[in-house]
Amino acid sequence: MRFDETELTAPILRAVAEMGFEEMTPIQAAAIPVVLEGKDIIGQAQTGTGKTAAFGIPLLQRVNPKDRSLQALVLCPTRELAIQVAEEIRKLAKFMHGIKVLPIYGGQDITKQIRSLKGGVQVIIGTPGRVMDHMRRHTLKMETVKTVTLDEADEMLNMGFREDIELILGELPEERQTLLFSATMPQPIMELAATYQKDAELVRVVKRELTVPKIEQYYYEVRQKNKPEVLSRLLDMYDPKRALVFCNTKKLVDELVSDLQLRGYFADGLHGDLKQQQRDRVMEAFRNGKIDILVATDVAARGIDVDDVEAVFNYDIPQDDEYYVHRIGRTGRAGRVGTSHTLVVGREIYKLKDIMRYCKTKIHMRPVPSVNDINTIRAEKLMSRVDELIAGGELRSMTEIIEKHMEEADCTALEIAAALLKLSMGESSETIMDEGLDMSEGEGKAARVRLFVNVGKKDNVRPGDIVGAIAGESGMPGQLIGAIKMYDNYTFVEVPGEYVDEVLQAMKNVKIKGRDVHMERANKGGKSEDRGSGRSKSGKSGGRSTKGRGKSEGKR
């Protein structure tokens with residue numbers, strides 16, 4: 001069932017489309033129509049089936065944005081799940097003006113939560129313990145709740161929350177809708193349902209056991225804005241003859257195809273908005289090698305049946321665990337070796353762990369390839385072709401040209417070979433900057449910016465104190481901080497250019513070893529290494545070279 005075939009409101013359909021959901025997962029197709037009718041349900045579904053949208057979509061449809069009182073409550077077993085559910089419901093409510101969604105959980109300052117609650121919140125996602133805290137403080141008014149959802153109810157009971165859950169449900173209005181979702185249906189769950197639900201409809205979607213084919217699986221922790229660059233590096237590193245790239249949305253497929261084409265790759269896209277004639281044309285080009293990289297959504301990829309796909313790239317983590325298995329199963333067919341690569345942003349790591357548990361598979365973490373890694377791989381491939389040419393002979397006419405040039409230019413054969421190798425790899429290959437990706441020493445220097453800090457050796461400050469303060473306050477990984485030069489009264493520290501504004505903002509009102517810290521760009525006001533002698537260096541940081549990226553042979 002497609003979302004646009006339902007009676008969902010336009011704002012929700014717009015949000016669903018932006019999130020990339022083309023059609024409902026089985027639990028969504030079974031649960032959403034029942035919940036929209038106002039019925040209580042018992043939903044048996046595991047993590048990774050799309051159950052958050054299964055209750056979140058109809059929950060939002062029933063919320064009145066003009067009423068600022070609490071209308072929907074979702075109980076979750078852990079703070080991580082509460083945050084995850086809140087994020088997804090916020091995305092679903094993106095175009096519903098006036099809807100406020102708030103996660104409340106232990107470990108977070110309760111006074112901040114109270115302040116947010118006073119502003120009016122229609123949807124609360126919380127852990128039972130913290131919800132009980134607010135009830136005792138009378139900061140949650142339960143009498144207006146129309147829908148309550150127990151998410152991962154079996155897990156909440158396993159954690160000893162049964163008494164809290166019963167107390168919370170006992171405080172809610174009798175005329176309400178109660179939705180219960182659980183991966184298993186033990187006796188205590190059925191007792192809860194019998195006591196607190198009315199004529200509940202059982203919706204059961206038990207995931208079938210899926211085996212993951214023998215494929216080398218890797219993941220890379222990245223920043224959202226670095227995804228195109230990381231994908232490019234992986235494509236260069238592994239240089240697959242045929243690759244599939246999966247995105248969750250049609251819009252992202254189009255954007256990524258344009259980006260890859262601009263970078264010099266032979267890529268095209270496949271998604272639900274394409275007419276059959278266009279789909280056939282793209283698939284034919286992929287099969288006969290006119291394009292090396294096919295970017296697709298899960299729904300569009302169902303018709304893809306190509307045996308020699310060497311690598312699958314999950315540009316986005318799939319919304320359903322089963323999709324992960326279907327995606328990577330496109331490679332490693334007919335006894336061939338295949339690889340899969342997944343890009344993970346922030347808290348998506350929890351989703352990836354769910355996939356590993358469900359699939360009973362191990363996905364290994366790998367660092368993002370550096371520019372040096374890629375250049376080394378490309379040089380090795382070129383040298384392998386050189387060996388083949390030497391073994392094949394018939395190089396006499398070429399050696400004569402080299403010998404003549406050596407005599408005229410006074411250079412060695414080694415120097416000529418090195419120059420030809422550099423030309424073959426692309427002259428700009430040494431100037432590509434890393435822009436805050438995992439950089440090895442010596443790379444990306446032109447992308448760094450030097451900052452002046454008003455503390456030094458006389459303040460008993462060590463380089464580690466500077467690194468700790470910057471990383472702790474700004475959230476920037478400490479390993480990205482470059483050279484630190486300490487003097488008696490001040491320090492210079494290099495950070496990636498893309499982090500400069502974040503670091504400067506974060507370091508306001510910060511103390512190091514009890515001293516107020518002032519930080520600014522090193523060139524501002526003439527501050528430099530030679531500050532004491534009155535001389536000033538320009539120290540300009542170079543921009544990133546985007547011209548002539550030097551992709552692997554055949555991709556220019």
Side-chain angles (χ1 to χ4, degrees), residues 1 6-8 24-63 71-78 81-82 84-86 88-89 92 123-128 131 142 145-209 319-322 354 357-358:
M1 183 187 293
T6 63
E7 295 179 3
L8 295 174
M24 297 185 185
T25 64
I27 188 65
Q28 291 164 2
I32 288 175
V34 178
V35 180
L36 285 175
E37 288 176 21
K39 294 180 181 178
D40 288 2
I41 69 163
I42 303 170
Q44 184 174 2
Q46 294 158 294
T47 300
T49 54
K51 65 179 169 62
T52 302
F55 63 76
I57 287 172
L59 175 154
L60 288 171
Q61 177 117 332
R62 292 167 62 85
V63 169
Q71 298 171 54
L73 173 67
V74 181
L75 294 177
C76 300
T78 64
L81 184 61
Q84 191 177 313
V85 169
E88 184 148 356
I89 291 180
L92 290 165
V123 183
I124 291 286
I125 295 92
T127 51
V131 170
M142 295 296 197
V145 173
K146 295 184 179 69
T147 306
V148 62
T149 304
L150 307 184
D151 191 14
E152 297 195 2
D154 51 351
E155 191 64 27
M156 285 195 281
L157 295 189
N158 291 339
M159 293 170 71
F161 285 130
R162 179 165 183 167
E163 190 178 336
D164 286 355
I165 290 168
E166 292 187 333
L167 283 168
I168 292 167
L169 293 175
E171 289 291 315
L172 297 175
E174 202 158 317
E175 290 303 313
R176 65 166 192 271
Q177 184 180 27
T178 305
L179 315 177
L180 189 153
F181 284 84
S182 182
T184 59
M185 288 292 158
Q187 187 59 32
I189 293 289
M190 302 313 292
E191 289 170 3
L192 264 184
T195 307
Y196 296 100
Q197 291 186 301
K198 294 177 183 176
D199 303 320
E201 193 163 319
L202 179 61
V203 175
R204 177 175 287 164
V205 178
V206 181
K207 291 161 72 171
R208 63 185 181 277
E209 285 291 320
Q319 68 171 96
D320 190 313
D321 297 349
E322 288 189 18
D354 287 340
R357 278 194 293 271
Y358 165 60

Atom pair [atom1]/[atom2] of [X] and [Y] - distance to nearest 0.5 Å:
{"X": "D354", "Y": "Q84", "atom1": "CG", "atom2": "CD", "answer": "6.5 Å"}
{"X": "F55", "Y": "L150", "atom1": "CZ", "atom2": "CG", "answer": "10.0 Å"}
{"X": "I165", "Y": "L180", "atom1": "CD1", "atom2": "CG", "answer": "8.5 Å"}
{"X": "M24", "Y": "I32", "atom1": "CE", "atom2": "CD1", "answer": "4.0 Å"}
{"X": "I89", "Y": "T149", "atom1": "CD1", "atom2": "OG1", "answer": "7.5 Å"}
{"X": "I41", "Y": "I27", "atom1": "CD1", "atom2": "CD1", "answer": "6.5 Å"}

Check: Could you walk me through whether D164 and M159 pass the side chain to side chain contact (heavy atoms under 4.5 Å, CB included) check?
Finding: CA-CA 11 Å; D164 286 355; M159 293 170 71; over 6 Å; no
For [X] and [Y], which heavy atoms make the closest approach, and how far apart are they?
{"X": "I189", "Y": "D154", "value": "CD1-N, 3.5 Å"}
{"X": "P173", "Y": "R176", "value": "O-NH1, 3.1 Å"}
{"X": "M190", "Y": "I42", "value": "CE-CD1, 4.5 Å"}
{"X": "P128", "Y": "M156", "value": "CG-SD, 3.7 Å"}
{"X": "R62", "Y": "Q177", "value": "NE-OE1, 3.1 Å"}
{"X": "D40", "Y": "K198", "value": "OD2-N, 2.9 Å"}

Strictly distance-based, threshold 3.5 Å: is any side-chain N or O of [X] a donor or acceptor partner for the main-chain N or O of [Y]?
{"X": "Q44", "Y": "A183", "answer": "yes"}
{"X": "S182", "Y": "M185", "answer": "no"}
{"X": "Q61", "Y": "E7", "answer": "yes"}
{"X": "Q71", "Y": "V63", "answer": "no"}

Next item on the list: Carefully, step by step, assess L192 and L157 under the rule side chain to side chain contact (heavy atoms under 4.5 Å, CB included).
Entry: CA-CA 10 Å; L192 264 184; L157 295 189; 4.1 Å; yes
Check: [Y] and [X] side chains under 4.5 Å, non-hydrogen atoms:
{"X": "E166", "Y": "Y196", "result": "yes"}
{"X": "R162", "Y": "E191", "result": "yes"}
{"X": "N158", "Y": "E152", "result": "no"}
{"X": "L8", "Y": "L36", "result": "yes"}
{"X": "V35", "Y": "L59", "result": "no"}
{"X": "L169", "Y": "T195", "result": "no"}

Next item on the list: Evaluate the side chain to side chain contact (heavy atoms under 4.5 Å, CB included) criterion for residues L73 and I168: first the C-alpha distance (whole Å), next the side-chain angles of each, then the deciding distance (0.1 Å), finally the verdict.
Entry: CA-CA 10 Å; L73 173 67; I168 292 167; 3.9 Å; yes
Notebook entry, point to check: For E171, does the CD atom have more than 12 heavy-atom neighbours from other residues, nucleotides or ligands under 6.0 Å away?
Noted result: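 Open: at most 12 neighbouring heavy atoms sit under 6.0 Å from CD of E171.
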Check: Does CD belonging to Q187 count more than 12 external heavy atoms closer than 6.0 Å?
Finding: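 Enclosed: over 12 neighbouring heavy atoms sit under 6.0 Å from CD of Q187.
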Next item on the list: State plainly whether the residues E88 and K51 are in salt-bridge range, i.e. N to O under 4.0 Å.
Entry: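 No salt bridge links E88 with K51.
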